[in-house]
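Worth knowing before you read on, the calculation uses all heavy atoms, side chains too, and leaves out hydrogens, waters and symmetry mates. In the text below, chain A, chain B and the rest are named by the order of the sequence lines, each starting its count at 1.
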2 protein chains.
Amino acid sequence: MQELQLLIQQLKEKGVKVTPQRQAILSSFLGPENKHLSAEDIHLAIAKTYPTISLDTVYRNLGMLRDIGILRELNLGERRVHYELTSNIHHHHLICTQCGDAQEIHYCPLKFLDQDKVNKFKILSHSFEIFGLCEKCTKKGGLL
Amino acid sequence: MQELQLLIQQLKEKGVKVTPQRQAILSSFLGPENKHLSAEDIHLAIAKTYPTISLDTVYRNLGMLRDIGILRELNLGERRVHYELTSNIHHHHLICTQCGDAQEIHYCPLKFLDQDKVNKFKILSHSFEIFGLCEKCTKKGGLL
DNA sequence: CTAAGTGCAAAACTTTTGCAGGCGA
DNA sequence: TCGCCTGCAAAAGTTTTGCACTTAG
């Protein structure tokens with residue numbers, strides 16, 4: 001797990017303590033696929049290996065990790081906020097409103113945005129999410 | 001206010017009853033600028049002319065108006081959901097994370113999106129919001 | 001050792017829901 | 001009249017906060 005070591009390194013650089021809870025939270029984002037997790041998702045995912053962690057701690061740390069730039073906040077159209085690693089290459093999502101699945105799409109709208117449309121606004125971040133039906137759900141009959 | 005009559009007409013066409021509460025809610029969206037209102041915003045805005053309306057009714061009707069296509073739901077990065085009239089021309093927003101102001105931007109990312117990036121996904125809707133500092137807040141010193 | 005971090009409990013906030021009575025068509 | 005709507009009250013669900021204890025550095 002050298003990917004985890006890299007993230008831990010970032011914590012140290014920021015002067016943030018490396019606690020087992022934080023390691024567990026960060027670990028839950030690692031793996032072959034890029035993950036978009038809510039606080040609850042993480043709490044459940046960790047529960048197996050770290051049953052004593054409290055949901056409060058997950059919330060507090062997600063906020064902190066977002067603030068120091070390790071995580072990015074996502075609005076996937078649900079009530080809950082989701083997070084993903086900022087170290088993943090930049091992308092957006094195709095979100096199925098039926099099954100909730102979120103595929104990544106490697107197209108960024110800022111690329112085609114004329115500066116004069118933005119004028120004096122100083123862009124810091126952006127969100128772009130596409131909602132609809134994934135192939136699987138379209139086949140299943142659409143509206144259901 | 002013939003704009004209001006038009007919206008009321010839509011309610012009738014959908015077989016939805018036209019109540020004073022609904023008229024008040026719809027009215028709050030009218031005016032020279034396009035408005036992005038939360039349930040609470042509307043409740044307050046209406047309070048002057050319609051002090052007895054309950055917040056529950058506002059919530060219920062916003063959901064209903066969204067479902068029948070009169071309103072569109074917006075995620076402006078806040079905890080609260082906002083709504084705007086779908087009859088306004090299509091646009092996105094430049095949202096100031098400091099003062100909360102949302103300017104409209106007439107650029108849509110779907111325009112430049114290759115179909116093959118989307119593949120078999122059936123697009124139904126999308127969200128695109130840019131976050132940063134508006135001119136005013138940039139001048140005030142940025143971070144504060 | 002000590003400031004930062006954690007868990008617990010309780011609160012805050014937005015949104016939803018059950019129910020009884022009210023009102024538009 | 002009849003069924004949709006509304007208001008009230010209470011609940012649900014997510015996120016935040018105060019406080020005392022614990023722990024990483």
Side-chain angles (χ1 to χ4, degrees), chain A residues 4-5 7-28 36-47 49-68 70-71 73-83 100, chain B residues 4-5 7-28 36-47 49-68 70-71 73-83 100:
Chain A
L4 181 57
Q5 292 310 318
L7 291 169
I8 289 177
Q9 185 54 34
Q10 290 186 53
L11 290 185
K12 287 181 179 165
E13 282 165 15
K14 298 280 183 179
V16 168
K17 286 186 180 167
V18 180
T19 63
Q21 290 90 334
R22 284 177 181 163
Q23 294 186 52
I25 291 171
L26 289 173
S27 301
S28 63
H36 328 104
L37 305 173
S38 69
E40 188 62 37
D41 291 338
I42 294 168
H43 191 234
L44 283 173
I46 296 177
T49 56
Y50 204 116
T52 60
I53 195 171
S54 79
L55 189 53
D56 324 57
T57 298
V58 176
Y59 273 112
R60 266 189 282 236
N61 281 308
L62 288 176
M64 183 273 291
L65 293 167
R66 183 232 302 122
D67 292 342
I68 68 174
I70 291 180
L71 295 180
E73 209 172 287
L74 297 178
N75 248 318
L76 299 184
E78 291 179 34
R79 182 107 162 244
R80 301 176 186 180
V81 175
H82 287 69
Y83 292 87
Chain B
L4 180 56
Q5 292 312 316
L7 292 169
I8 289 176
Q9 185 54 34
Q10 290 186 53
L11 290 186
K12 288 180 180 165
E13 282 165 16
K14 298 281 183 179
V16 168
K17 286 187 181 166
V18 179
T19 63
Q21 290 91 333
R22 286 176 179 164
Q23 294 186 52
I25 291 171
L26 289 173
S27 300
S28 64
H36 327 104
L37 305 174
S38 69
E40 188 62 36
D41 291 337
I42 294 169
H43 192 234
L44 283 173
I46 296 178
T49 56
Y50 205 116
T52 60
I53 195 172
S54 79
L55 189 53
D56 324 58
T57 298
V58 176
Y59 273 111
R60 267 190 281 235
N61 282 308
L62 288 176
M64 182 273 292
L65 292 167
R66 183 232 301 123
D67 291 342
I68 67 174
I70 291 180
L71 296 179
E73 210 171 286
L74 297 178
N75 248 318
L76 300 184
E78 292 179 34
R79 182 109 162 243
R80 301 175 185 180
V81 176
H82 287 69
Y83 292 86

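- Under the 3.5 Å distance criterion, the side-chain polar atoms of B/His43 are left unmatched by any main-chain donor or acceptor of B/Thr57.
- Residue A/Gln21 is classed as a sugar-phosphate contact, given heavy-atom separations below 4.0 Å to backbone atoms only.
- Whole-Å rounding puts the B/Ile46 CD1 to D/dG7 P distance at 10 Å.
- As judged by a 4.0 angstrom heavy-atom cut-off over every strand, A/Thr52 is placed among residues touching the sugar-phosphate backbone only.
- Residue A/Arg79 has no polar side-chain atom (N or O) positioned under 4.0 Å from OP1 or OP2 of D/dT15.
- The terminal axes of the helix from C/dC1-D/dG25 to C/dA25-D/dT1, fitted over 5 pairs per end, subtend an angle of 40° to the nearest 10°.
- Take the nearest nucleotide of DNA chain D for B/Leu55 and for A/Ser38: the residue whose nucleotide is more 5' is B/Leu55.
- Taking side-chain N and O atoms only, A/Ser54 has a distance below 4.0 Å to OP1 or OP2 of C/dG7.
- Taken from NE2 in A/His36 to CG in A/Asp41, the straight-line distance is 11.0 Å, to the nearest 0.5 Å.
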key: Sugar-phosphate or base contact per nucleotide [nucleotides 17-25 of chain C; S, B, -; heavy atom under 4.0 Å]   = BB-----BS

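- Between the side chain of B/Arg22 and the backbone N or O of B/Asn61, no donor-acceptor pair lies under 3.5 Å.
- Contact between the side-chain N/O atoms of B/Tyr59 and the OP1/OP2 oxygens of C/dT16 is not found at any separation under 4.0 Å.
- Proximity of B/Arg80 to the phosphate of C/dT14: a side-chain N or O atom is located under 4.0 Å from OP1 or OP2.
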